[in-house]
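Remember, it's a predicted structure, so these values are computed and weren't measured experimentally. Residue numbers start from 1 in every chain, and the chains themselves are labelled A, B, ... in the order their sequence lines are given, proteins ahead of strands.
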Amino acid sequence: MTKPLPLSRRSMIALATGASASLALPLPALATTKRSAKKLVEKVVADINRIIDSGKGETAMLADFEQVFADYADVETIARYALGVEARSASVAQINAFTEAFRKYMSTKYGKRFREFIGGRVEVQEARLVKSFYEVSTTAYLQGMAPFEVTFLVSDRSGEEKFFNMFIEGLNMLLSERTEIGAMLDKRRGSLDLTIQDLQNLN
Amino acid sequence: MQRFKDKLMKIRQKNPLVVFLTQVPSAVCRKLWVFAVSALALSACAAPENLEAIYDPYESVNRRTHEFNKGLDRALLRPASGVYSEFVPSGLATGISNFSNFLDLPGEVLNNVLQFDLAGAMTNSARFAVNGTVGFLGLYDAAAEVGLYAVSADFGQTLDKWGVGEGAFIELPIYGASTARDTVGSGVDALLNPLSYILPDEWQFVGTGIDTVAMIGDRARFATTVDSVLYESADSYSQARLFYLQSRRHELGMRLEEEDYFDPYEGLYD
């Protein structure tokens, strides 16, 4: 039943450049360490804090959040997971179109929530190895609320060190998005093309 | 005993949830309680297998309640929260939210004690003392400034600590997402709330009034998230259910086991 997933253009490029880089330089393979995973999340948090403090208009802030997503999130993997089994029968073109629509949808959806963080701050705590990735825990301090936990899962297996999941007080982002995309597909009788179209129109 | 009965009657008259459950229309609501209690009894041992498991045998009833709640939000809560964020300055909104949290503290201390969590009981008591004085009767959260954060506790959590399983997911009218265990917990919390025994009768409305206003305030503050779940998702019921179950279990101290972490890269780049 299992058939190999089609590689996206981007991951092929990543593979190719990764391969040529390893031929050219006898450096150890790119590897996420406890320290680098923590550092990545620190950068994400610093960027988000900077955007919130910038006092720009909402549209400008949303654009900045989109950039944070582009820079630090492994949107391809998140998109593929959100698609679930559907990804297996999808064509490369469909996957690519879906990923692009999904990227925009995610950054808008999560970027819009920045208001809730105004006046708050996030502190990076610890990183620990889980399976093949690192879990970086942070504490969010929002006004008038007990501090709560936000964790990021960081991996470099896409070729670049990025985060591919986050848990906000236990709420699994990947799982929410798989539920959401699954529901969208159900409503459209399983049509991926219609789902892609509607996802593009959402933005 | 008579005093308890009197108080019980008062709470019934003041607490909107209890009013709803006992009076609107009472026959249906009694059934709901019997249903919740028996569901809990039936599933007393049903603890979730992991952080992400969903046990929802009453899904079709729950979905209808969800639509009702959504209609209520659309007609009342959302417009009210719009007015709230328009006209209530953020400093006042924070004060109201703090005051509502302050009034919750006695009930939380009671549950801390019932859970044998003496450290939590002390922290919450200290919060009550600090915020009740330096914090201008709870309007200002002075305790948080010195790192004394609320150790949230409710009777659903107490039942969890006592080993009662979570039971089925239930969406309650007005109240929203819950489980069989948390439904019983909310009812017990409403009855046990020390505040209703301490406050003089003519001040009983304060707790309920502030809770309602604070709820509108929370709806305003988390408007984007709530709107995104209720109105921008393809299936708001599944999203709300996922949201509630995961955050609640996290709050109760459940954590993912290492083998339950999903690794999306497994098989993808090997």
Side-chain angles (χ1 to χ4, degrees), chain A residues 2 4-5 7 11 14-15 74 76-78 80-81 109-116 118-119 129-133 135 141-149 151 153 155-159 164-165 167-172 174-176 178-188 195 198 202, chain B residues 51-52 54 85 90 93-98 100-101 141 144 147-152 214 217-218 221-225 227-229 232-239 241-270:
Chain A
T2 47
L5 289 161
L7 282 173
S11 43
L15 272 179
D74 182 2
E76 284 183 28
T77 300
I78 299 170
R80 201 178 300 238
Y81 176 80
K109 177 172 173 181
Y110 288 88
K112 271 203 288 196
R113 298 189 184 169
F114 75 89
R115 287 178 180 288
E116 293 161 13
I118 289 177
L129 183 67
V130 177
K131 290 186 172 173
S132 71
F133 45 82
E135 180 188 66
Y141 296 83
L142 297 196
Q143 283 175 340
M145 278 173 80
F148 61 90
E149 193 185 24
T151 60
L153 303 185
S155 170
D156 63 1
R157 294 188 68 190
S158 64
F164 65 91
N165 198 3
F167 293 81
I168 305 165
E169 274 194 293
L171 192 70
N172 180 338
L174 277 185
L175 196 58
S176 294
R178 180 179 269 193
T179 304
E180 179 61 11
I181 300 299
M184 284 187 82
L185 283 163
D186 282 350
K187 277 195 169 171
R188 291 155 186 84
T195 302
D198 291 345
L202 270 183
Chain B
L51 206 58
E52 284 151 7
I54 288 169
S85 52
S90 70
T94 308
I96 291 169
S97 161
N98 286 342
S100 164
N101 292 340
D141 191 358
L148 275 177
Y149 295 109
V151 183
S152 63
D218 284 345
R221 184 173 177 195
F222 300 106
T224 16
T225 301
D227 283 345
S228 138
V229 169
E232 286 155 30
S233 61
D235 181 1
S236 60
Y237 175 75
S238 316
Q239 286 295 333
R241 181 177 60 188
L242 197 63
F243 212 99
Y244 178 79
L245 289 177
Q246 290 189 69
S247 354
R248 180 61 172 160
R249 287 166 185 168
H250 185 266
E251 191 186 8
L252 295 176
M254 265 183 92
R255 293 295 180 267
L256 272 183
E257 299 290 330
E258 176 150 354
E259 64 265 27
D260 291 330
Y261 274 86
F262 184 79
D263 185 348
Y265 299 100
E266 236 158 51
L268 197 57
Y269 296 108
D270 288 337

So for A:F148, is it side chain, backbone, both, or neither that comes closer than 4.5 Å to the heavy atoms of chain B? neither
Which portion of B:S228 sits near chain A, non-hydrogen atoms under 4.5 angstrom: side chain
Could I get the full list of side-chain hydrogen bond (donor to acceptor under 3.5 Å, both in side chains) partners for A:E135, not counting sequence neighbours? A:R128, B:Y261
Under 4.5 Å from any heavy atom of chain A - which part of B:R255: side chain
Under a 4.5 Å cut-off applied to non-hydrogen side-chain atoms, are A:E149 and B:H250 in contact? yes
Identify which part of A:L185 has an atom lying under 4.5 Å from any heavy atom of chain B, answering side chain, backbone, both or neither. neither
Closest heavy-atom contact between B:L242 and A:T179? CD2-OG1, 3.5 Å
With a 4.5 angstrom heavy-atom cut-off, could you sort out which part of B:N98 is near chain A: side chain, backbone, both or neither? side chain
Nearest 0.5 angstrom please: B:T225 OG1 to A:I168 CD1, how far? 8.0 Å
Side-chain contact, heavy-atom cut-off 4.5 Å: B:Q239 with A:E180? yes
Which portion of A:L153 sits near chain B, non-hydrogen atoms under 4.5 angstrom: side chain
Heavy-atom closest pair, residues A:L175 and B:Q246: CD2-NE2, 3.8 Å
Any idea which of A:S176, A:G182, A:S132 has the most non-hydrogen atom pairs under 4.5 angstrom with chain B? A:S176
How close do B:A150 and A:A146 get, heavy atom to heavy atom, and via which atoms? O-CB, 4.1 Å
Considering only heavy atoms, which portion of B:E251 lies under 4.5 Å from any heavy atom of chain A: side chain, backbone, both, or neither? neither
So what's closer than 4.5 Å to chain B heavy atoms on A:K131: side chain, backbone, both or neither? both
Ring-ring centroid check A:F133 B:Y265, cutoff 6.0 Å: no
Can you name the side-chain hydrogen bond (donor to acceptor under 3.5 Å, both in side chains) partners of A:N172, sequence neighbours left out? A:N165, B:E52
